[in-house]
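Beneath this line is the structure, given in structure tokens, with notes to follow.
Keep in mind that what you see is a predicted model, and the values were worked out from it rather than measured.
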Amino acid sequence: MEDGDWVLLRRVAEKDLWNPTIGDGDESSKPLKVTFGGPAKHWTDAIPIGNGRLGAMVWGGVASESLNLNEDTLWTGIPGNYTDPKAPEALSVVRKLVDSGKYVEATEESVKLTGNSSDVYQLLGDIKLEFDDSHLKYAEKTYRRVLDLDTATVKVSYSVGDVEFTREHFASNPDQVIVTKISGSKPGSLSFTVTLDSKLHHHSQVNGINQILMQGSCPGHRIRPKLTENDNPKGIQFSTVLDLQISDSGGTIHVLDDKMLKVEGCDWAVLLLVASTSFDGPFTKPLDSKKDPTSESISTLKSIKKLSYSDLYARHLDDYQNLFHRVSLQLSKSSKSMYRDGHVERGHNASPVFDTYLKGSEDDTVSTAERVKSFKTDEDPALVELLFQFGRYLLISCSRPGTQAANLQGIWNKDIEPPWDCAPHLNINLQMNYWPSLPCNLQECQEPLFDYTSSLSVNGTKTAKVNYEASGWVVHQITDLWAKTSPDRGQAVWAIWPMGGAWLCTHLWEHYSYTMDKDFLRNRAYPLLEGCASFLLDWLIEGPGGYLETNPSTSPEHMFIAPDGKPASVSYSSTMDMSIIKEIFSDIVSAAEVLGKNEDALIERVRKAQPRLLPTKIARDGSIMEWALNFQDPEVHHRHISQLFGLYPGHTITVEKTPDLCKAADNTLYKRGEDGPGWSTTWKTACWARLRNSEHAYRMVKHLFDLVDPDHEGNFEGGLYSNLFTAHPPFQIDANFGFSAAVAEMLVQSTIKDLYLLPALPRDKWVSGCVKGLKARGGVTVNICWKEGDLHEVGLWSKEHNSLKRLHYRGTTVMANICNGNENDHENEKELFNLRHASLRNAIERIFDIFKSRFTIFKSVPPFPFKTQVEIVLACVALHNFLRKECRSDEFPIEEESASSSSSPIVKEELEELILQTQEQQREEANAMRLSISDYMWRERDIRLWEDY
């Protein structure tokens, strides 16, 4: 204890379990804070906080403040019937039309297979604070509004005269409460009024002398019908309680109009907001719910009544940091702006904003919006770190065990009729929400997705049986709180897509492959995979060529030009259909092997079906075909890249096993272009990373850093709002999560047996850095540091089991034994040493091969042993140094063959490591290579290797 207060002893963060020898002491110079220089003008300027279930947006107004509130079960509607007895007849007609090549007619007829729209996510209401008129005269230069990702806390501060006012906001998961503390620096300086309000039907009143109770309901229909109250089904009920506590040393609370509290003359005030709804699961009508949201809210409040603000904050911090502190990322710019001798050396592209930020001033004078604006020129890697960690922050804040799955906006919403209803979309968006959960070490945050998938499988079994006369379960493109599984209303191009449930099921095997949790695989994943595979087997039909086909089939949201020159969307066996089916069949066969179910009848059926699935085709232009036939594409820059599912997030297209398809995937990405919504940008980033193309992966990273003007967001495609929410536009949260996953993919890739280190590292942009705490398949925690663009140290461990991993780095492979329980960089020192050594040997050999191709003197002599190659390269390095230092010459007499000798892509790639070049950019690259070689040569722990040679 210290001065009568408890001292909180925090658990060791997972990211701190491994300490590299080069250190990462510059971590404190790059605070993980989203900063603003003034109050929010638009909703996308406000700051999101959340505890998984409850969310708020903090505007930071001075004289008048609002906190927009959300609760994740507040939706319109009631459980629905997601079956259509007329569907089998319509399906038969559509299939015959497709078989006859009448794709336009099939598209039109498919409307008969569509269903009703999803229900709509609602907002809870607002906390409204009004301060006296003196706050209108605040000193603007003193205003700060900051989200600290390290503590998941928002702080607003400003001065009025000689009084500094501060507000702190956080959303506690362990105590299920949103907490606000308001204080003034002088005794008795704080006065304000507080109310609760909502756009939904509601009633609010003061409860006692220091609480406000607000009760209300959602409409029982998607759009509030013009019917009598008796005709409108009862929707979800909600209750919110706001508790107000003020300092003991002075101040009073008054009740105004029986629904407002007025505080006068206190030192500080604490607001506690709790909320509950009558939602009792997706299969229970609100009318039949036994839950009483008012009594639940009051009970929650009573349970925390004896906890002080410090207690609440400490409990919140311990819970949040246990998740957030598992991963750290530090990136450093090119050598032109690296820290040297304790000073920052500014690169020629650095901006004044970047210079100001590097000073590390504690007052956060540079807003995050300004940093986003300047990214195109300064390419500040600290902003990449911030957006990466912001994605992790958002996932922790909107998806926790026991909550609903994150919807199209996470949990944050300001509208009665939000864009796309905030409904989970299963043709990319919901899945992308959970891409970072495993590699970014937040596996618990994915639990709501599995709960939701289980609910979908219940309704989906009925849809499969009635609509398609099939076994198993099915889900289509759009769903909602009530686990809707039928096709959406509208055009076939988006509504007719029965692959949503199958895509979700790929997350089940991925969860096992990362955690190696057999109990999860046996009890939770496998039953869902069985039902999914069973439906797919029944859905597949034999086509004319003997292949198993899907019919009808669409490529999500993308039309094609039919042979008759008219637009259509329905055909057979789209590439995405087949890619997802291949993935599911591979997953369930692998799961069966782990669980000893190889002889099950279902697995036998799957194995027989696998070789009969239509293979992925390459079009005449070298790209991957999106449909089974080479239809004309009317929109080559379409936002979806569905035909690349097998590359990412799938695993049927890989650099090692399918190089031709990878080349076609490369061509496909070029053809699609860079523009698109935020989620499309991050999907492309991940695809380029899987192709190990660091240059294009980074181009897509950079592409996302485009500040969106909310007043003219229609002029933008993708980009970021000032609060770092990603834009479609409008706001969709999926790209925030996709970005974090894509950055992780650039740094680490894996299978259960293989680990690829820095596979898509943009070495000229993030020359040095450290990432700690990422997860790899096989249950391995990965920590990597690199220096001057090359691997420096690796720390690996597994908590649950021992395993043998193949480590891959720049064309070199070594075996490493990953031991149970602790980091084992010391035990694996030999393997790591060999990896670095072998990688260096490969580099020397590649350099020497280029010498041989460009210098006549090397062409007429027999092959050199490796030791001689090293000596020649070192001699060239010495000559290079001498000419640069002593003669100060920028011209080198190079006897070259014709330019064609270096025109192939392979040679162009190797030129990055060429030492002797004359052009300015090539000289810089050569110098970086020289430094890298010298670093390897004389690093103390590598000297013995060189002596051996």
Side-chain H-bond candidate by donor/acceptor type, [X] with [Y], under 3.5 Å:
X	Y	result
Glu296	Ser299	no
Asp711	His42	yes
Asn429	Asp734	yes
Asp126	Ser66	no
Gln215	Ser239	no
Ser183	Thr166	yes
Gln443	His511	no

Validation row: [X], [Y] side chains within 4.5 angstrom (heavy atoms):
X	Y	answer
Gln446	Trp435	no
Lys155	Arg144	no
Ser204	Asp197	no
Arg53	Gln176	yes

* Inter- and intrachain pairs under ring-ring contact (aromatic ring centres under 6.0 Å, His included), touching residues 159-178, at least two apart ->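 Non-adjacent pairs meeting ring-ring contact (aromatic ring centres under 6.0 Å, His included): His135-Phe165, Tyr158-Phe165, Phe170-Tyr309, Phe170-Tyr313, Phe170-His316.
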Under the rule for side-chain hydrogen bond (donor to acceptor under 3.5 Å, both in side chains), what residues qualify as partners of [X], not counting sequence neighbours?
X	answer
Tyr320	none
Lys305	Asp243
Arg392	Gln389
Asp132	Ser134

* To do: Please confirm whether the backbone N or O of Gln732 pairs with a side-chain atom of Gln409, one donor and one acceptor, at under 3.5 Å?
  =>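 Looks like no, no N/O pair under 3.5 Å.
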* Asked: Under the criterion ring-ring contact (aromatic ring centres under 6.0 Å, His included), which of Phe279, Trp75, Tyr452, Phe283 is the partner of Trp482?
  ->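 That would be Phe279; it is the only one of Phe279, Trp75, Tyr452, Phe283 passing the ring-ring contact (aromatic ring centres under 6.0 Å, His included) with Trp482.
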* Asked: What residues form a salt bridge (Lys or Arg N to Asp or Glu O under 4.0 Å) with Asp162, not counting sequence neighbours?
  ->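 Asp162 satisfies salt bridge (Lys or Arg N to Asp or Glu O under 4.0 Å) with Lys186 once adjacent residues are dropped.
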